[in-house]
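Worksheet: one structure, shown below.
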There are 2 protein chains.
Amino acid sequence: MKDKPVWQRQRRAAREAPPLTREKIVAEAVALLDEEGTAKLTMRRLAQRLDAGPTTLYWHVDTKDDVLDLALDAVFGEVVLPEPTGDWRADVRALVTGWRAAMLRHPWSAALVGRPMVGPNVLARTEFLYAALVRAGFTKAALATAAHGLANYVTGSALTLTTARSEDGLVAAEYLVEQWESYPTLVDNGHLREEDWDAVFAQGLESFMDGLESLRS
Amino acid sequence: MKDKPVWQRQRRAAREAPPLTREKIVAEAVALLDEEGTAKLTMRRLAQRLDAGPTTLYWHVDTKDDVLDLALDAVFGEVVLPEPTGDWRADVRALVTGWRAAMLRHPWSAALVGRPMVGPNVLARTEFLYAALVRAGFTKAALATAAHGLANYVTGSALTLTTARSEDGLVAAEYLVEQWESYPTLVDNGHLREEDWDAVFAQGLESFMDGLESLRS
DNA sequence: ACCTGAACACCGTTCAAGT
DNA sequence: ACCTGAACACCGTTCAAGT
């Protein structure tokens, strides 16, 4: 029986080296998004970076939206789950600060929040948030208010900040200044020209938690 | 001199009837988005609805993103600017409630907030918000905290709600229930299964404003 | 089980040309 | 001043076929 020609053996070896997995696809998608942003994420370009044919991805994933969902959940995987301390405000603060930091490291992520978030990493963090609030004495409507309010606050803050920092955002801020006559209060108070976003975030979080105190039972 | 043939005169008349304007384009875009959602908005389909060639829109608008920016600003145009009452909480509550309602009437709008919002309608509402807060005694960092926090709270709430109500959102909620063992607190407390979203929103808003009181000077 | 190429039905946008 | 059609350089996704 005749042996296979060299080329074929080389091809096989080369191909066996990196068997594509869903994990690799997601990791590469995150890298692509970090480097070039949402608009540049294409199934074809993603496949190219993985040395795969453009249609190969569809064996591991059903659709491009799947890739985005998985990438977003991967970002949440970076959020460390804090050790519960017994102080609900400390627990919430720790979680939510890490949550925001992860989104800021991946500026494309905040804008993806308009899709249902039921990935395991998201749910684990949300579970922690609920658990911390339950321990603090929030129940029923008050619990829903606190949990959704806090989650909305973090993601909203992250989205506002990444938008403001984007190229378009900086142009927009300059454009606003030119319109002092129409929007004096905005311009005089530096809307979109904030410098210390971290402090704004932290102060708002404390204020919100202050306001939630009276909802505990 | 020979008169023009009939067909030509008919064509002209027919064409002169609806001269395309940016306003008409935006109105039609909003209608299309309301009916079919963001994914279905296409320059070609939009043009078709306006009885125009696919490339005609580009005389009135530079890019598809322009259309989206204009459509989003149009939504904010529906938010009525309340009469200032002297009670800062009443003013903020009125503004922010109308703001949320407008976004809920156009469920696609919340997900568009990741672009810089410097349209005249957005800015007028934001100016009102800042002015109300300045009247209430917020300045500097406290003002930025209150303004951004409240804005993030509204848009975040609207986004969470429209996402939860979407087709994918309902599927996601069912999927979550199946995972009681992994996320007991979430499932037991009806995360994503909220019924009275209006109450959750209102209670969170009051809590936040409670917490902001101490920042006034 | 995993990967490929060809092909389908679309996209946004440009531009020379028309009226 | 406003509109058009043809054309370019892409898309996401399907599917029969390969190994």
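Naming: A, B, ... by sequence-line order, numbering from 1 per chain. Computed over heavy atoms, backbone and side chain alike; hydrogens, waters and symmetry mates excluded.
Atom C1' of nucleotide D/dC2 and atom CD1 of B/I25 are separated by 11 Å, given to the nearest angstrom. Atom CD in B/Q48 sits about 12 Å away from atom P in D/dG5, given to the nearest Å.
Note: B/H191 and A/Y130 have perpendicular aromatic rings, judged against thresholds of 30 and 60 degrees for the angle between ring planes.
The shortest non-hydrogen separation linking B/A74 to B/V30 is CB-CG2, 4.2 Å. Scanning both residues, A/P84 and A/F128, for their nearest heavy atoms gives CG-CE1, 4.2 Å. When every heavy atom of B/V118 is checked against every heavy atom of A/A172, the shortest pair comes out as CG1-CB, 3.7 Å.
Salt-bridge check for B/E35 with B/R49: passed, with a basic side-chain N closer than 4.0 Å to an acidic carboxylate O.
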Each base of DNA chain C marked ( ) or [ ] if paired in-strand (Watson-Crick or G-U under 3.5 Å), | if paired to another strand and . if unpaired gives ||.|||||...|||||.||
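Checking the phosphate oxygens (OP1, OP2) of C/dA1, no side-chain nitrogen or oxygen of A/H60 falls inside 4.0 Å.
Of the listed residues (A/W99, A/Y153, A/F208), just one forms a ring-ring contact (aromatic ring centres under 6.0 Å, His included) with A/F201, and that residue is A/Y153.
Atom CG of B/L33 is separated from atom NZ of B/K40 by 12.0 Å, given to the nearest 0.5 angstrom.
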Readout for nucleotides 9-18 of chain C: B = base within 4.0 Å of protein heavy atom, S = sugar-phosphate only, - = neither; 5' to 3' it is --BBBB----
Practice prompt. Check the pair B/D91, B/L133 against side-chain contact (heavy atoms from CB on, under 4.5 Å), reporting the backbone distance first and the verdict last.
Written response: CA-CA 9 Å; B/D91 290 350; B/L133 292 170; over 6 Å; no
